[in-house]
Amino acid sequence: MQLSWKVILAPIFGAFFGWLASHGIDLTPDQQASFGQLFVAGGATVVTFLGHFWHEKTQADAAPAAGSGKQGGWASLGFLAALLTLVVMCLMMACLMACATLSFDEDLASAYTAHTAVVNAATQAVTAGTLSSTQGQQVLTMAQSSRALLDAAKAAETAGNASGASNELQLASSALSALQTFVNSEVKK
Amino acid sequence: MSAILPAVADALDLLVAAAQAAAQIVPIIKQAQAEGRTSLTADEWAQVTGSDDSAEAALSAACAAAKAKGQ
(Lines give C-alpha, C1' and ligand atoms only; values in the text may rest on other atoms or scores of the structure.)
Protein backbone atom coordinates (compact mmCIF):
# COMPACT_ATOMS: atom_id res chain seq x y z
CA MET A 1 0.00 0.00 0.00
CA GLN A 2 2.79 2.39 0.96
CA LEU A 3 4.65 1.55 -2.23
CA SER A 4 1.61 2.41 -4.35
CA TRP A 5 1.32 5.78 -2.63
CA LYS A 6 4.99 6.43 -3.32
CA VAL A 7 4.43 5.57 -6.97
CA ILE A 8 1.56 8.05 -7.13
CA LEU A 9 3.31 10.81 -5.20
CA ALA A 10 6.75 10.50 -6.84
CA PRO A 11 5.81 12.19 -10.15
CA ILE A 12 3.82 14.87 -8.29
CA PHE A 13 6.77 15.65 -6.05
CA GLY A 14 9.09 15.49 -9.04
CA ALA A 15 7.01 18.06 -10.89
CA PHE A 16 6.80 20.26 -7.80
CA PHE A 17 10.55 20.14 -7.14
CA GLY A 18 11.13 20.89 -10.83
CA TRP A 19 8.85 23.90 -10.55
CA LEU A 20 10.76 25.08 -7.48
CA ALA A 21 14.09 24.62 -9.31
CA SER A 22 12.77 26.68 -12.23
CA HIS A 23 12.17 29.46 -9.71
CA GLY A 24 15.70 29.24 -8.33
CA ILE A 25 14.93 27.04 -5.32
CA ASP A 26 17.04 23.89 -5.52
CA LEU A 27 16.46 21.37 -2.76
CA THR A 28 18.98 18.67 -1.93
CA PRO A 29 17.78 15.04 -1.88
CA ASP A 30 17.69 15.16 1.93
CA GLN A 31 15.58 18.31 1.86
CA GLN A 32 13.28 16.73 -0.72
CA ALA A 33 12.86 13.68 1.52
CA SER A 34 12.08 15.92 4.52
CA PHE A 35 9.57 17.86 2.50
CA GLY A 36 7.93 14.63 1.34
CA GLN A 37 7.61 13.43 4.94
CA LEU A 38 6.13 16.78 5.97
CA PHE A 39 3.67 16.64 3.08
CA VAL A 40 2.54 13.13 3.98
CA ALA A 41 2.23 14.07 7.67
CA GLY A 42 0.19 17.16 6.79
CA GLY A 43 -1.98 15.18 4.41
CA ALA A 44 -2.58 12.55 7.06
CA THR A 45 -3.65 15.29 9.48
CA VAL A 46 -6.12 16.71 7.00
CA VAL A 47 -7.54 13.28 6.17
CA THR A 48 -7.89 12.53 9.89
CA PHE A 49 -9.83 15.72 10.51
CA LEU A 50 -11.91 15.20 7.38
CA GLY A 51 -12.89 11.82 8.75
CA HIS A 52 -13.66 13.40 12.10
CA PHE A 53 -15.93 16.04 10.56
CA TRP A 54 -17.63 13.49 8.32
CA HIS A 55 -18.32 11.38 11.37
CA GLU A 56 -19.80 14.42 13.13
CA LYS A 57 -21.95 15.22 10.11
CA THR A 58 -23.36 11.74 9.84
CA GLN A 59 -24.13 11.80 13.56
CA ALA A 60 -25.74 15.23 13.25
CA ASP A 61 -27.83 14.04 10.30
CA ALA A 62 -28.92 11.03 12.29
CA ALA A 63 -29.98 13.14 15.29
CA PRO A 64 -30.96 16.62 14.06
CA ALA A 65 -33.03 17.29 17.17
CA ALA A 66 -29.95 17.10 19.35
CA GLY A 67 -29.22 20.73 18.62
CA SER A 68 -25.54 20.37 17.82
CA GLY A 69 -25.98 19.27 14.24
CA LYS A 70 -25.19 22.55 12.56
CA GLN A 71 -22.07 23.07 14.60
CA GLY A 72 -20.69 19.62 13.80
CA GLY A 73 -21.87 19.34 10.19
CA TRP A 74 -20.72 20.99 7.01
CA ALA A 75 -20.17 24.21 8.97
CA SER A 76 -17.12 22.47 10.39
CA LEU A 77 -15.63 22.41 6.92
CA GLY A 78 -14.79 26.06 7.46
CA PHE A 79 -12.72 25.04 10.44
CA LEU A 80 -11.15 22.33 8.33
CA ALA A 81 -10.32 24.94 5.72
CA ALA A 82 -8.53 27.02 8.32
CA LEU A 83 -6.59 23.98 9.45
CA LEU A 84 -5.77 23.10 5.87
CA THR A 85 -4.51 26.61 5.35
CA LEU A 86 -2.19 26.33 8.31
CA VAL A 87 -0.87 23.01 7.05
CA VAL A 88 -0.26 24.44 3.59
CA MET A 89 1.38 27.49 5.09
CA CYS A 90 3.64 25.33 7.26
CA LEU A 91 4.62 23.25 4.25
CA MET A 92 5.40 26.33 2.19
CA MET A 93 7.38 27.89 4.99
CA ALA A 94 9.21 24.61 5.66
CA CYS A 95 10.11 24.49 1.98
CA LEU A 96 11.28 28.07 2.09
CA MET A 97 13.33 27.53 5.23
CA ALA A 98 14.86 24.39 3.73
CA CYS A 99 16.17 26.10 0.64
CA ALA A 100 19.84 26.98 0.93
CA THR A 101 21.05 29.06 3.86
CA LEU A 102 19.05 32.00 5.08
CA SER A 103 20.64 34.97 6.76
CA PHE A 104 19.20 36.22 10.03
CA ASP A 105 17.30 38.95 8.23
CA GLU A 106 15.76 36.44 5.82
CA ASP A 107 14.93 34.13 8.71
CA LEU A 108 13.27 37.00 10.57
CA ALA A 109 11.38 38.13 7.47
CA SER A 110 10.12 34.57 6.99
CA ALA A 111 8.86 34.58 10.59
CA TYR A 112 7.05 37.86 9.94
CA THR A 113 5.45 36.32 6.85
CA ALA A 114 4.36 33.21 8.74
CA HIS A 115 2.84 35.54 11.33
CA THR A 116 0.99 37.43 8.59
CA ALA A 117 -0.35 34.19 7.13
CA VAL A 118 -1.74 33.03 10.48
CA VAL A 119 -3.43 36.39 11.05
CA ASN A 120 -4.87 36.35 7.51
CA ALA A 121 -6.21 32.83 8.05
CA ALA A 122 -7.84 33.92 11.31
CA THR A 123 -9.37 36.97 9.58
CA GLN A 124 -10.88 34.78 6.89
CA ALA A 125 -12.24 32.42 9.54
CA VAL A 126 -13.83 35.28 11.52
CA THR A 127 -15.29 36.77 8.33
CA ALA A 128 -16.70 33.39 7.33
CA GLY A 129 -18.17 32.95 10.80
CA THR A 130 -16.14 29.87 11.55
CA LEU A 131 -14.35 31.67 14.38
CA SER A 132 -16.33 33.86 16.77
CA SER A 133 -15.39 37.48 17.47
CA THR A 134 -14.17 36.41 20.91
CA GLN A 135 -11.97 33.72 19.45
CA GLY A 136 -10.72 36.15 16.82
CA GLN A 137 -9.90 38.68 19.52
CA GLN A 138 -7.93 36.02 21.39
CA VAL A 139 -5.99 35.23 18.23
CA LEU A 140 -5.36 38.95 17.72
CA THR A 141 -4.03 39.37 21.27
CA MET A 142 -1.66 36.43 20.84
CA ALA A 143 -0.63 37.69 17.42
CA GLN A 144 0.22 41.09 18.87
CA SER A 145 2.39 39.45 21.51
CA SER A 146 4.32 37.43 18.96
CA ARG A 147 4.62 40.50 16.73
CA ALA A 148 6.15 42.42 19.65
CA LEU A 149 8.78 39.69 19.99
CA LEU A 150 9.53 39.87 16.26
CA ASP A 151 9.91 43.64 16.52
CA ALA A 152 12.20 43.18 19.53
CA ALA A 153 14.35 40.75 17.53
CA LYS A 154 14.59 43.25 14.69
CA ALA A 155 15.47 46.08 17.09
CA ALA A 156 18.15 43.98 18.77
CA GLU A 157 19.69 43.11 15.43
CA THR A 158 19.67 46.76 14.37
CA ALA A 159 21.43 47.62 17.64
CA GLY A 160 24.13 45.04 16.87
CA ASN A 161 23.00 42.62 19.59
CA ALA A 162 23.16 39.41 17.55
CA SER A 163 22.67 36.98 20.42
CA GLY A 164 19.79 39.01 21.83
CA ALA A 165 18.19 39.13 18.40
CA SER A 166 18.54 35.37 18.02
CA ASN A 167 16.98 34.80 21.44
CA GLU A 168 14.07 37.10 20.64
CA LEU A 169 13.52 35.32 17.34
CA GLN A 170 13.41 31.97 19.13
CA LEU A 171 10.86 33.37 21.57
CA ALA A 172 8.83 34.76 18.69
CA SER A 173 8.91 31.38 16.95
CA SER A 174 7.67 29.72 20.13
CA ALA A 175 4.90 32.31 20.43
CA LEU A 176 3.95 31.74 16.81
CA SER A 177 3.80 27.98 17.40
CA ALA A 178 1.57 28.62 20.42
CA LEU A 179 -0.65 30.80 18.26
CA GLN A 180 -0.92 28.08 15.63
CA THR A 181 -1.70 25.53 18.33
CA PHE A 182 -4.41 27.80 19.72
CA VAL A 183 -6.01 28.29 16.32
CA ASN A 184 -5.85 24.54 15.70
CA SER A 185 -7.51 23.87 19.06
CA GLU A 186 -10.33 26.25 18.19
CA VAL A 187 -10.61 24.64 14.77
CA LYS A 188 -11.29 21.26 16.36
CA LYS A 189 -14.29 22.58 18.30
CA MET B 1 -24.78 20.54 -1.72
CA SER B 2 -25.62 24.22 -1.32
CA ALA B 3 -23.86 24.14 2.06
CA ILE B 4 -20.73 22.64 0.54
CA LEU B 5 -20.10 25.36 -2.03
CA PRO B 6 -19.65 28.22 0.47
CA ALA B 7 -17.30 26.02 2.49
CA VAL B 8 -15.29 25.26 -0.64
CA ALA B 9 -15.22 28.97 -1.49
CA ASP B 10 -14.02 29.73 2.04
CA ALA B 11 -11.32 27.09 1.68
CA LEU B 12 -10.14 28.59 -1.59
CA ASP B 13 -10.11 32.09 -0.08
CA LEU B 14 -8.03 30.85 2.81
CA LEU B 15 -5.61 29.01 0.57
CA VAL B 16 -5.15 32.09 -1.60
CA ALA B 17 -4.54 34.25 1.48
CA ALA B 18 -1.93 31.85 2.81
CA ALA B 19 -0.26 31.48 -0.57
CA GLN B 20 -0.10 35.24 -1.03
CA ALA B 21 1.46 35.75 2.39
CA ALA B 22 4.00 32.99 1.95
CA ALA B 23 4.84 33.87 -1.65
CA GLN B 24 5.44 37.51 -0.79
CA ILE B 25 8.72 36.75 0.93
CA VAL B 26 10.18 34.56 -1.83
CA PRO B 27 10.98 37.36 -4.33
CA ILE B 28 12.45 39.48 -1.53
CA ILE B 29 14.81 36.72 -0.44
CA LYS B 30 15.67 35.82 -4.03
CA GLN B 31 16.47 39.45 -4.76
CA ALA B 32 18.68 39.76 -1.68
CA GLN B 33 20.51 36.53 -2.51
CA ALA B 34 20.93 37.54 -6.14
CA GLU B 35 22.54 40.78 -5.04
CA GLY B 36 24.73 38.99 -2.52
CA ARG B 37 23.10 40.74 0.41
CA THR B 38 22.53 39.10 3.79
CA SER B 39 20.30 41.87 5.05
CA LEU B 40 17.09 43.38 3.76
CA THR B 41 16.74 46.98 2.71
CA ALA B 42 14.51 49.45 4.55
CA ASP B 43 12.00 49.28 1.70
CA GLU B 44 11.90 45.49 1.87
CA TRP B 45 11.37 45.61 5.64
CA ALA B 46 8.63 48.19 5.17
CA GLN B 47 6.94 45.80 2.74
CA VAL B 48 7.14 42.87 5.17
CA THR B 49 6.02 44.75 8.29
CA GLY B 50 3.43 46.77 6.36
CA SER B 51 1.71 43.59 5.22
CA ASP B 52 1.68 42.32 8.78
CA ASP B 53 0.25 45.60 10.07
CA SER B 54 -2.49 45.45 7.44
CA ALA B 55 -3.26 41.83 8.38
CA GLU B 56 -3.66 42.71 12.07
CA ALA B 57 -5.84 45.71 11.22
CA ALA B 58 -8.02 43.49 9.03
CA LEU B 59 -8.41 40.92 11.82
CA SER B 60 -9.32 43.65 14.28
CA ALA B 61 -11.92 45.02 11.87
CA ALA B 62 -13.31 41.54 11.20
CA CYS B 63 -13.66 40.91 14.94
CA ALA B 64 -15.47 44.23 15.41
CA ALA B 65 -17.80 43.46 12.51
CA ALA B 66 -18.52 39.97 13.84
CA LYS B 67 -19.19 41.35 17.30
CA ALA B 68 -21.60 43.92 15.86
CA LYS B 69 -23.49 41.08 14.21
CA GLY B 70 -23.61 39.25 17.53
CA GLN B 71 -21.36 36.42 16.39
Side-chain angles (χ1 to χ4, degrees), chain A residues 23-25 73-78 80-82 84-89 91-93 95-96 99-106 108-110 112-140 143-144 147 150-151 154 157, chain B residues 1-42 44-71:
Chain A
H23 286 73
I25 301 173
W74 285 115
S76 297
L77 276 177
L80 177 65
L84 182 63
T85 301
L86 290 180
V87 171
V88 170
M89 183 198 72
L91 290 175
M92 293 178 76
M93 294 310 294
C95 177
L96 180 65
C99 61
T101 54
L102 294 179
S103 67
F104 180 82
D105 259 18
E106 291 162 345
L108 184 57
S110 298
Y112 268 101
T113 306
H115 181 267
T116 304
V118 172
V119 174
N120 281 342
T123 302
Q124 295 280 0
V126 171
T127 303
T130 49
L131 274 182
S132 70
S133 60
T134 305
Q135 290 169 321
Q137 198 63 47
Q138 287 176 302
V139 172
L140 181 60
Q144 287 169 337
R147 170 62 189 269
L150 289 172
D151 289 343
K154 189 171 179 295
E157 190 216 11
Chain B
M1 190 62 178
S2 61
I4 300 174
L5 292 177
V8 172
D10 288 344
L12 290 175
D13 285 345
L14 292 171
L15 287 174
V16 168
Q20 284 173 339
Q24 178 205 16
I25 193 66
V26 172
I28 291 177
I29 290 180
K30 278 177 65 180
Q31 179 74 19
Q33 289 181 341
E35 294 175 1
R37 287 186 282 117
T38 57
S39 59
L40 304 188
T41 65
E44 288 168 339
W45 273 122
Q47 201 177 333
V48 171
T49 56
S51 292
D52 201 50
D53 290 339
S54 299
E56 284 196 356
L59 177 56
S60 183
C63 289
K67 192 174 182 180
K69 289 180 187 173
Q71 293 177 339

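Throughout, a chain's letter reflects where its sequence line sits, starting with A, and its residues are numbered from 1. We use all heavy atoms of the structure for the numbers below, so side chains are in, but hydrogens, waters and symmetry mates are not.
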| said: Testing the basics here: between A143(A) and V119(A), what is the closest heavy-atom pair and its distance to 0.1 Å? | reply: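 Where A143(A) meets V119(A) most closely, the heavy atoms are CB-CG2, 3.8 Å.
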| field | Over all atoms of both residues, closest heavy-atom pair of T38(B) and D105(A) | value |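 For T38(B) versus D105(A), the nearest heavy atoms are O-CB, 3.6 Å.
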| Do any N or O atoms from the side chain of T113(A) and from the backbone of A109(A) form a donor-acceptor pair under 3.5 angstrom? |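 Side chain of T113(A) to backbone of A109(A): a pair is present.
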| Residue L150(A) versus chain B: region with a heavy atom under 4.5 Å |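 No part of it gets close to chain B.
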| request: Indicate yes or no: does D53(B) engage R147(A) in a salt bridge with an N to O separation below 4.0 Å. | output: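 Result for this pair is yes, salt bridge flagged.
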| said: With a 4.5 angstrom heavy-atom cut-off, is it the side chain or the backbone of A58(B) that approaches chain A, or both, or neither? | reply: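 It is both, since atoms from each part get that close.
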| message | Need one label for T49(B): side chain, backbone, both or neither, based on atoms under 4.5 Å from any heavy atom in chain A. | response |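 Both parts, heavy atoms under 4.5 Å.
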